[in-house]
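Worksheet: one structure, shown below.
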Protein chains: 2
Amino acid sequence: MADLNYTTPPNRPATAENPAGRPDDPIWDLIELLFFAYRDFVSDPDDALAKFAFGRAHHRVLHFVNRNPGMKVADLLVILKITKQSLGRVLKQLVDQGYIVQKEGANDRRQRLLYATPKGEALAMKLAGLQTARISRALSELGPAAHEQARRFLIAMIDTDGRDGVLQSIARADQARKPKP
Amino acid sequence: MADLNYTTPPNRPATAENPAGRPDDPIWDLIELLFFAYRDFVSDPDDALAKFAFGRAHHRVLHFVNRNPGMKVADLLVILKITKQSLGRVLKQLVDQGYIVQKEGANDRRQRLLYATPKGEALAMKLAGLQTARISRALSELGPAAHEQARRFLIAMIDTDGRDGVLQSIARADQARKPKP
DNA sequence: AATTTATGTCAATATGGCTGACCTAAATTA
DNA sequence: TAATTTAGGTCAGCCATATTGACATAAATT
């Protein structure tokens with residue numbers, strides 16, 4: 001912990017494109033920081049899951065089902081951008097071991113709506129807690145505006161055509177959650 | 001594109017811990033936005049790599065070798081946090097197909113120092129360009145401080161004990177690059 | 001009645017990880 | 001110098017997660 005002359009961005013500020021028409025220099029710092037930040041971000045749940053013989057795939061499924069109770073299988077496939085065969089294996093394990101239940105749709109009886117069981121919710125919340133601890137620690141090192149700044153940056157990084165769906169999904173899930181009275 | 005009441009964070013501001021000692025509510029928005037942002041961030045190179053019959057693993061190796069010419073195999077293993085057997089397979093393909101060369105260390109002749117060939121550098125720069133395009137687009141939607149804000153947030157998300165190494169690695173690689181005269 | 005949709009399943013394949021064992025050559029140390 | 005450690009490579013097998021393609025069933029829609 002000594003030499004720290006690396007606190008200012010080494011690249012010139014990013015523009016859409018240089019005046020010369022030549023492509024911008026790569027934004028090395030953010031490219032690499034995204035890699036390292038995400039690597040560590042997922043490592044916390046990964047380690048915890050290892051004790052359950054579950055993996056990252058199970059985490060993702062359990063997370064979104066817990067956040068969106070009653071979601072359809074098809075919705076999950078769109079969010080995760082995987083095939084139903086890939087989902088099938090993981091989902092089956094979660095169902096067999098009592099973390100997720102499937103209920104017939106009331107309107108459309110072909111649907112298998114997905115719900116986290118209490119056991120599943122507990123695990124999902126535990127994993128979310130690990131990730132929240134890391135985010136909280138990070139935000140606490142920064143100013144009070146950091147949450148909103150991070151939020152805006154991450155939103156802007158999402159495909160423009162997928163953005164609305166993501167934001168609506170987050171907003172919907174938030175609303176559906178019982179606010180503590 | 002209509003209803004947008006989701007532009008403000010739905011969670012209360014994150015604190016290290018609540019006064020009550022009860023764990024914080026999960027920071028759902030950043031947890032999910034990190035997932036979606038990273039998913040799309042890696043999708044650009046993934047798509048491009050598919051044409052070469054290369055995958056994400058090749059990208060990571062080529063990226064770091066290109067950024068750190070002459071790096072040791074052992075360094076790469078530490079950065080990627082994988083085993084040498086895992087590295088071996090992808091590295092061999094990159095070497096066989098002429099994207100990376102290995103040179104005997106001058107001081108220590110056991111070392112196989114890694115360098116991107118011109119062909120390898122071209123591919124690495126192409127992939128970095130794709131990622132830079134996404135980042136540039138994102139930053140251009142935000143204020144001029146956004147780059148620095150994103151940088152700080154991502155740094156804070158990294159494991160505290162790994163942080164210095166990451167930052168030094170980035171700084172070192174930047175310095176080693178020839179500044180255009 | 002015919003078709004489409006939601007979901008599930010079987011089979012084969014690819015990728016990218018892992019562990020464990022073992023090897024060579026070169027550097028370091030006793 | 002002899003013994004040990006280090007840097008790197010390799011073989012073999014296993015596991016998790018993803019893919020494509022084909023096919024099956026039941027319920028909704030036309």
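Chain letters run A, B, ... following the sequence lines, proteins first, then strands; residues in each count from 1.
In this structure, B:Gly55 reaches the sugar-phosphate backbone alone: every heavy-atom distance under 4.0 Å involves primed, P, OP1 or OP2 atoms, never a base. Backbone-only engagement by B:Gln102 is indicated by non-hydrogen atom pairs under 4.0 Å involving sugar-phosphate atoms exclusively.
Which of D:dG8, C:dA26, C:dC18 sits closest to the side chain of B:Ile82 comes down to C:dC18. Picking from D:dG9, C:dG8, D:dT17 the nucleotide with the shortest atom distance to the side chain of A:Arg89 gives D:dT17. The side chain of B:Lys84 approaches D:dG8 more closely than any other nucleotide in the set C:dG16, D:dA16, D:dG8. Comparing atom distances between the A:Arg112 side chain and each of D:dT17, D:dA27, C:dT7 picks out C:dT7 as nearest.
Atom CZ of B:Arg109 and atom P of C:dT28 are 12 Å apart (whole Å). Protein atom CG of A:Asp108 is 12 Å distant from nucleotide atom P of D:dT30, rounded to whole Å. As rounded to whole Å, 16 Å separates atom P of D:dG8 from atom NZ of B:Lys103. Remark: P of D:dT20 and CG of A:Leu77 are 13 Å apart, rounded to the nearest angstrom. Straight-line distance from the CG atom of B:Leu87 to the P atom of D:dG9: 8 Å, rounded to whole Å. The separation between A:Lys72 atom NZ and D:dA27 atom P is 17 Å, rounded to whole Å. We find that CD1 of B:Ile100 is positioned 14 Å from P of D:dG8, with the value rounded to whole Å. Separating the CG atom of B:Leu49 from the P atom of C:dT15 is a distance of 12 Å, rounded to the nearest angstrom.
Put simply, the side chain of A:Arg163 gets close to the backbone of A:Ile155: a donor and an acceptor are under 3.5 Å apart. In this structure, the side chain of A:Arg151 does not engage the main chain of B:Leu30 through any donor-acceptor pair within 3.5 Å.
Distances shown here put every side-chain N or O of A:Gln85 at or beyond 4.0 Å from the OP1 or OP2 atom of C:dA11. At least one side-chain nitrogen or oxygen of B:Thr83 sits closer than 4.0 Å to the OP1 or OP2 atom of C:dC18. Between A:Arg110 and C:dT5, a side-chain N or O to OP1/OP2 separation shorter than 4.0 Å is absent. Residue A:Arg60 places at least one side-chain N or O under 4.0 Å from the OP1 or OP2 atom of D:dA18. Of the side-chain N and O atoms in B:Ser86, one or more sit less than 4.0 angstrom from OP1 or OP2 of C:dC18. Distances shorter than 4.0 Å separate some side-chain N or O of B:His58 from OP1 or OP2 on C:dG16.
Considering only heavy atoms from C-beta on, B:Phe64 comes within 4.5 Å of A:Glu32 through its side chain.
Scored by the side-chain contact (heavy atoms from CB on, under 4.5 Å) test, A:Arg134 finds A:Asp40, A:Phe41, A:Ser43, A:Asp44, A:Arg137, B:Met157, B:Asp159 as partners (sequence neighbours excluded).
Two residues, A:Asn107 and B:Asp75, neighbour DNA chain D, and the one matched to the more 5' nucleotide by heavy-atom proximity is B:Asp75.
Applying the 6.0 Å contact sphere to NZ of B:Lys119 captures more than 12 heavy atoms from other residues, nucleotides or ligands.
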Solution key, residues 75-88 of chain A side-chain donor-acceptor pairs under 3.5 Å, sequence neighbours excluded:
| unit_1 | atom_1 | unit_2 | atom_2 | d |
| --- | --- | --- | --- | --- |
| A:Asp75 | OD2 | A:Lys72 | N | 3.4 |
| A:Thr83 | OG1 | A:Ser86 | N | 3.3 |
| A:Thr83 | OG1 | A:Ser86 | OG | 3.1 |

